[in-house]
Enquirer: 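Dropping a structure here in structure tokens format, bear with me for questions.
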Amino acid sequence: MSTSTATLDWLLRLCPSDSAIDRKNLASLLAELACSVEPGLSKGDIPVRDPRLEQLRTLLFGREIEALSRLREVVENPEEFAAAVGRVLHGAIANASSDERLGPVLAPALERATQSSIRKDPGTLINVLYPLIVPAIRKSIGETVDETFQSLNETLKHSLSWRGLRWRWEAWRTGRSFAEVVLKHTLVYQVEHVFLIHRHTGLLIVHVAAKEATSQDPQLVSSMLAAIQDFVRDSFSGVRHQGLDTMQLGELRLWSEQGPFATLVAVIRGNPPETLHETLRAVLTSIHAERSRTLESFNGDSSGLGDVEAQLLECVALRQRAQRTTRRGFPWLVALIAGALLLAAGLWGLRSWEDARHWDRYISQLRTKPGIVITETGRRNGKFFVAGLRDPLAVDPQALLLGSKIDPRRVIASWASFQGLDPALVLERLRAQLQPPASVTLAVADGRVVATGTATPTWLARARSAGRLLPIGAPEFDLSAVRDVNDGPLSKLSDAIESRSIHFDYDEPLPPPGQNATLDQVAKELNELATLAASLGVRTRVTLTGHSDSTGRGTFNLSLSLARAEAVRALLKKRGVDPDLLAVRGAGPLEPLEVEASDAARSVNRRVSFTVGIGEQP
Amino acid sequence: MLGGFSVGKTSLVKRYVESIFSDSYLTTVGVKIDKKVEQLPDRVVSLVLWDLAGEDDIGSLRMSYLRGSAGYVLVADGTRRSTLQVALSLRERVEADYGAMPFVLLLNKSDLKEQWAINDAELEDLRHRGWWVRASSARTGEGVEDAFKDLAVRVTR
């Protein structure tokens, strides 16, 4: 613009007003010229206002003055001047377009023009930009949606697995979203190759590869990629201005980003995040911004594009490694913990099952016991419980529990007392009540309680009374098989003993030697008695009563009779009789056997007599 | 590489370079690409050869494959006159779309002398137009190296 203003000024200066002509100078110049033609002429003859000067000027510059005035008319008439500039404007701009200053100079005017166009009718600009913007927006939205789906897919895939739980923990620990953590672990990828391909020729501009990556000749690959792009574009209508964004072969992906002059193709192994598109695009944009000219006029010579190579190397460095730590071999610790948990659960289950088995066995055992009626059983809060009725004489459930492998502390029992009529229980009750001597055996036979053996008459009487008092429906108490002790050998033996007596001489406390045979006999019978009584379970007591005749003083006789009884006891003891079996007493002359009317009768009365007492065991 | 059906383009390329891509590309994508590094006196040139699937129907040619090319090899079968016509019309088509660029014309199958169907006068006529025309044989290798080398020189001139 500044150039055109300057030109205008210059043009205007070319047409100065008459007054601006240096008439004085012109006149003197003409005078000098005239003098040189006609030397006699004097200078200063020509007046400044001489009209001939003007004529001369017209003669000399008439055509130029005319041209200038036409030019002036054009310049001063805005319409004509605009028409004139309009004719050359496109050419001028085309010429100036190589000048880098043109862009910045035009920019503000263009901006204003755009603004005003938008204000006037936004539709125009929208229509202009539509073909450009819509595919870009579509692509951007598409990538965002892809990214969202990718995130969603991975999240769903891993939300319930063991790894998923671990990642949830990690997300919670690091404060990041679960989806983010999932992507971090699952999107394992490596950019292996990056090709920068000239769009127009399909020639390779720059190729960089990761260290381990190999490929065919990069130039051929890039040409082939360009060919395939063309192929797709040609084969399917409607994609003329778009390229092939993505190709996938197994775990290898080709992602390409199109720029105005170059296409960036990344060969990626693995599962890259959608955001990688953006990274690649940013690199391509930056390459274009910096080397637009070089790219546009690329002719196959890549020398001098070292910095582009450096930028592409950054792309190749893009990768996300698998989390090696989690895959390094078998997870022993986890397996160990899981194993331990399983084992514990198994043991608990086994124990619980065994407990239940033991409990069932215990309960069924209890059910068979007389005097126990189970009304309820089960498990509550990890404890067993049993409730029912129990005869006090029945087996003690607690005692039975001790033999059942169940911890008694885990058992809650509640028993209500009752009296059972089961023969065994009745037997127990009778046994507790009657305390039968050892000679009596109580047993259950044919639903009856049968007593056998021998018993004293007193016990028999009590037993009969107990039998009569049994409640209705109770088994019969059969005492018919119990013999009275007095009916058997015991009474015979006691009769025999009681018929004996040891005789004494007058005033003698010791028996004469003639009594030894009787003493031996008595000792033998007493021993038999002791044995028999023990076998019958009865208590016997033999009282030795000493007697004297009635001659002499009473007190003396009393002590004499006691002495005699003591003497016999000592003699019997000597013969092996248990002294505890024997009691002594002195009767003096008070229990004579015969009336003392003669010496013979007195002799009969001087004796020790035997009384056998049979009773129940204490 | 441009030319009618079965004129021997692929065989010529094979004679010239060791291919890495299989011929199936021709039937699938319609192009097979090979590379040959040519040592010229003053420089080293990498020739990237796009062997286009040959069709006698010129309309079916994928012209987009010619975009950005520096030169081309026109191939005709010396035993079939019609293929020369195909080649000539291909050249016209290319010039119409992409302007003039260096090319060489190969009349292939020169080993089949007895079936040769193009007379020398015709060739002379073409040469008079300033064209580089040679007989070649993919079987014997005759004229192949020269053709590519000449093209390499001319495209880098």
Enquirer: Any donor and acceptor pair, going by atom type alone, linking the side chain of B:Ser89 with main-chain N or O of B:Val86 inside 3.5 Å?
Expert: yes

Enquirer: Drop me the distance from B:Leu151's CG to B:Asp146's CG, to the nearest 0.5 angstrom.
Expert: 12.5 Å

Enquirer: Among B:Val45, B:Val48, B:Leu49, which residue forms the greatest number of heavy-atom pairs with chain A at distances under 4.5 Å?
Expert: B:Val48

Enquirer: Would you please go through residues 275-282 of chain A and name the residues with a non-hydrogen atom below 4.5 Å from one of chain B, in numerical order?
Expert: none

Enquirer: Does the distance from a Lys or Arg side-chain N to an Asp or Glu carboxylate O, for A:Asp307 and A:Arg291, drop under 4.0 Å?
Expert: yes

Enquirer: So, for A:Ala262 and A:Leu196, which heavy atoms are closest and what is the spacing to 0.1 Å?
Expert: CB-CD1, 3.9 Å

Enquirer: Using non-hydrogen atoms only, which part of A:Leu203 is less than 4.5 Å away from chain B: side chain, backbone, both, or neither?
Expert: side chain

Enquirer: Which heavy atom in A:Cys315 sits nearest to a heavy atom in A:Val283, and how many Å separate them?
Expert: SG-CG2, 3.6 Å

Enquirer: Quick check on B:Arg127: does its CZ atom have over 12 non-hydrogen neighbours (other residues, nucleotides or ligands) under 6.0 Å away?
Expert: yes

Enquirer: Under a 4.0 Å threshold between the charged nitrogen and the carboxylate oxygen, would B:Asp51 count as salt-bridged to B:Lys9?
Expert: no

